[in-house]
Amino acid sequence: MSEKQSLYILNSLISLTNRELKKWYKVPVILFLSLFQPIIWLVLFGKSMNMGSIFTGTSIEIPGLNMPKEIINEIASKVLLLRFGTTDYFSYLAAGMVSFIILFTSMSSGMTMVWDRRLGFLNKLLTTPIPRPVIILSKTFSAVLRALVQATIVLLVATLLGLQYKPNVSAIDFLGVYLALFLMALGLSSLFIMLAIRASSWESQMAIMNLLNLPLLFSSNAFYPIDIMPYWLQPFAYINPITYTNDIVRQLLLGTTGINSLFIDYLYLISFASFLSSVGIILSWKYLSR
Amino acid sequence: MTEDIIKAINLTKKFGLLVAVDHVNFEVKKGEIFGFLGPNGAGKTTTINMLTTVLKPTEGTAIVNGYEITKQPLKVRQSIGVVHQEYTADEDLTGWENLMLMASLYGLPREVAKKRVEELVELVELKNAIKRKVETYSGGMRRRLEIAMGLINRPKILFLDEPTLGLDVQTRAAIWSYILKLKEQYEMTIFMTTHYLEEADLYCDRIAIIDKGKIVKIGSPKELKGSIGGYIVTVQVANDIISALKIIESMNNVNEVKNKGDTFRIKTKDAESFIPELMEKLNKNGIKVIKISVSEPSMDEVYMEYTGKSLRDEQSSWEEAFVFHRTIRRARR
C-alpha cells in the first residue's frame, strides 16, 4: 500500500469517527442522560448498600451478644477484606460502575449502525471508495472514545463521593486502568456492531441489548465477588470480560489482591479485544457488500 | 459514434427465489441522460445498486467508465456520483459538514475540498443554509444538498435514483434545472430512474422501460411513442363522410381509423407527413375539412402498453413509502 493511500484511509477514518463523535458532544443532553444511570447506581445504590456500615455503623448493638464493639468491627473488617479485598464496599462497587458505563456505551454503538442503514447513510458510504472496514472501525473507535470519556466522569464522581484509592496510587496505575478499559470497550463495541451489521430494525437491536446487558453485568464481579456466587454462575463470571476489567481496576486503584495476576487479566482482555475486532473487520468485508 | 460509458451484460440479481433483475442488457452513451422507467419493484434501484457496486450481481456484469463492476469496484466508485432515493445526509450535521465529510471520503485534500464545496453550494443555491443543521432543511433543500454531495468528486457518471421523489411541482422543476446546469458544466453522463413519466419524456435522451426485472423496451422518448402506433389525428369533415372514410383507409401509414358521425380518429406513426397528404387528397375529392388536430401519444400510453399498468396507480404507494421514511427520521429525534 502506498503512503498516499494509507494517508487517505487514515483521513477517512478520522472524518467518519469525528462524525460519530459530533453527534454526541454537540448534544450535551444525551451525554448527561447516558451518565445518569451509573451515577444513580453509584449515589443511591452504592451509598445505601454499604456493607461496611452494616457492621461498623455507629449504633450497632446486638442484644444478647456479649462482645466488645471493637471486636465486632474488627471481625466485620476482616470479613469484608476477605470477601471484597477492601473494607469499603462503595469503592468496590465504584470500580464495577466504571465497567458498567463502558458496557452500556459500547452496547449503544450497534444502534448507530442500524440507524445508518435505515436512513440511507450507509448506502451512501458504500458508494464511496473507502474500504469497508473503515466504516466498522470508525464506529468502534468513536464508541471506545465515548466510553472512555464517560468512564472518566464516573470515576470523578466516585472520587468526589469518597472512593478510597490505595495510598500509593500513581499515574501508571491510572494508565493501566485506561488500557484495560480501552481493551474492553474495543472488544464489546466490536461485538455489538457486528451484531448490528445486517440488522435493519432498531427494535431487534434493542432486544439484543436488553437481553445481554443485565446478564453480562450480574455474571461479573461488578457487584459481588465471584466466590459468593452460586457454583453454576461462577464459570460464566470467569469468561466474562467485565470480571477481568474489574479485577485490574480494583488491583490498580484500590490495591486489592486480585482473583488473577494482572498479567493474566491483561492477556485475557487483549485476546478478547483483538479476536472480536478482527472478526468485525472480516465480517464487514463479507456483509457490507451483499 | 459516441462511446458506451455504461454497458450492462446479462446483469442479474436474485434475492433467494426472487429474480429482481433478470439478464438485463443495455448501453448508455457518453454524455446522454438515460432514464430507467418502471413500476414499483421492477428492479430499478437494484440495477443502480449493482452499477454503483453496492450490490454484487448474481450473474453477468457491467462495465462502468471502462471498469468492470465486480473486478475493479474501487475504480468504479471513484468515477461515479450517486444521489439516492432516500435522503442520505446526516441530519445532525450541517450541510457544510456533510459536504466536507464526503470530500474527505473521496480523499480530496482540505483546501481543494473547501473550494469545491463552495462552488457546489453556489451552484445549488444553498449558501444561506449551509451552516445550518440538515434537519432544518426543506425537502427541496435536502435534495439539492444530496445532489451536491453526489457531485463532490466530479463524477463522470451521476446516478440519480428518483431525484424528485416526493417534491412539489415547482421544486421538481428547480431540481431539474440544477441537474441540467450541472450536466453541462461537468460534462457528465446521467443515469436516472424516475416514475414521473413527464420527466422522463422531457429530460431523457433515451429511456429503458423495465418491468419484473426485464427491459421491455429501450429508445428515445420519440421512438417509444412512435412504437405504440403513434399519433392520433382527429379530423372533422363537412360533407361526404363515406368517401372520406374510403380515402383515409386507402392511405399509407394509417394504423387504425374510427369514426363517430363526421369525426374521424386516425392513428398514424408519422403525423407530420400524414396531415398534408390527407388534406391534399380530401381537397382533391371535394371534401371540406372543418377541423383537424394532432395529439402526441403520451408516455403514459407507452408505459401502459409495455407494462400493462398505469403508473398513476403506483404513485400513491411511493408517496406512502416516503412518508413512512420521514416518520422514522422524526422518531429518531
Side-chain angles (χ1 to χ4, degrees), chain A residues 1-30 108 111-112 114-132 134-135 137-139 142 200-203 205-206 285-290, chain B residues 13 15 45-46 48-58 69-70 72-94 97-98 100-110 113 133 146 149-150 152-153 155 159 161 325-326 328-329 331-333:
Chain A
M1 204 189 296
S2 70
E3 194 182 316
K4 203 176 157 194
Q5 204 180 351
S6 35
L7 195 69
Y8 157 62
I9 291 173
L10 186 68
N11 272 334
S12 54
L13 183 60
I14 293 172
S15 312
L16 274 180
T17 309
N18 193 28
R19 170 217 169 217
E20 301 277 343
L21 290 176
K22 263 183 193 160
K23 287 168 174 287
W24 172 68
Y25 64 69
K26 277 190 167 178
V27 196
V29 180
I30 294 176
S108 59
M111 284 304 271
T112 66
V114 177
W115 280 121
D116 278 359
R117 182 180 288 286
R118 272 233 104 136
L119 299 177
F121 188 82
L122 187 65
N123 255 343
K124 180 87 194 171
L125 282 185
L126 291 179
T127 62
T128 66
I130 52 163
R132 274 38 180 161
V134 169
I135 300 172
L137 283 176
S138 70
K139 294 222 172 276
S142 60
S200 56
S201 94
W202 62 270
E203 290 93 340
Q205 189 62 22
M206 281 294 273
W285 274 116
K286 200 166 174 219
Y287 286 119
L288 279 183
S289 37
R290 286 158 289 171
Chain B
K13 182 72 192 179
F15 296 108
T45 302
T46 308
I48 281 210
N49 280 341
M50 283 192 283
L51 293 177
T52 56
T53 74
V54 173
L55 277 180
K56 279 194 194 106
T58 320
I69 51 169
T70 50
Q72 293 167 292
L74 271 182
K75 292 275 183 196
V76 173
R77 287 178 205 144
Q78 275 158 4
S79 36
I80 60 171
V82 189
V83 178
H84 287 275
Q85 187 171 296
E86 67 265 65
Y87 296 139
T88 61
D90 191 328
E91 292 188 328
D92 299 326
L93 305 182
T94 66
E97 284 169 334
N98 267 300
M100 288 302 282
L101 174 63
M102 278 301 135
S104 82
L105 297 185
Y106 282 99
L108 300 180
R110 215 178 147 74
K133 271 195 182 185
E146 295 290 331
M149 280 165 71
I152 197 84
N153 59 327
F159 288 88
D161 196 0
H325 276 284
R326 208 171 48 192
I328 293 173
R329 269 195 291 275
R332 192 179 159 216
R333 281 180 222 141

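Below, each value reflects all heavy atoms present in this structure, side chains not excepted, and no hydrogens, waters or symmetry copies. By convention in this document, chain letters (A, B, ...) are assigned in the order of the sequence lines, proteins followed by strands, and residues within each chain are numbered from 1.
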- Query: If you round to the nearest 0.5 Å, how far is NE2 of B/H84 from OG1 of A/T127?
  - Reply: 4.5 Å
- Message: For a quick test of reading the model, state the closest non-hydrogen atom pair linking A/R19 to B/L93 and the distance between them.
- Response: CG-CD1, 3.8 Å
- Note on the structure: OG (A/S15) and CE (B/M102) are apart, to the nearest 0.5 Å, by 10.0 Å
- Side chain, backbone, both or neither of A/K22 within contact of chain B (heavy atoms, under 4.5 Å): side chain
- B/Y106 versus A/Y8, closest heavy-atom pair with distance: C-CE1, 3.9 Å
- Note on the structure: CZ (B/R77) and CG (A/L126) are apart, to the nearest 0.5 Å, by 7.5 Å
- Query: Looking at A/I130, A/L7, A/V134, which has the largest count of heavy-atom pairs under 4.5 Å with chain B?
  - Reply: A/I130
- Query: If you draw a 6.0 Å radius around CE in A/M111, do more than 12 non-hydrogen atoms from other residues or ligands fall strictly inside?
  - Reply: yes
- Enter the distance from A/K26:NZ to B/E97:CD here, rounded to the nearest 0.5 Å. 3.5 Å
- If one checks every heavy atom of B/M100 against chain A at 4.5 Å, the contacting part turns out to be neither
- Nearest non-hydrogen partners of B/L105 and A/S12, listed with the distance: CD2-CB, 3.7 Å
- Message: Can you tell me if B/K75 has over 12 outside heavy atoms packed within less than 6.0 Å of its NZ?
- Response: no
- Message: Measuring from atom CG of B/L101 to atom CG of A/L125, what distance do you get when rounded to the nearest 0.5 angstrom?
- Response: 7.5 Å
- Contact summary for B/T53 and A/R132, nearest pair of heavy atoms: O-NH2, 4.0 Å
- Message: Does this structure show an ion pair linking B/D90 with A/K23, if we count only N-O contacts that are shorter than 4.0 Å?
- Response: yes
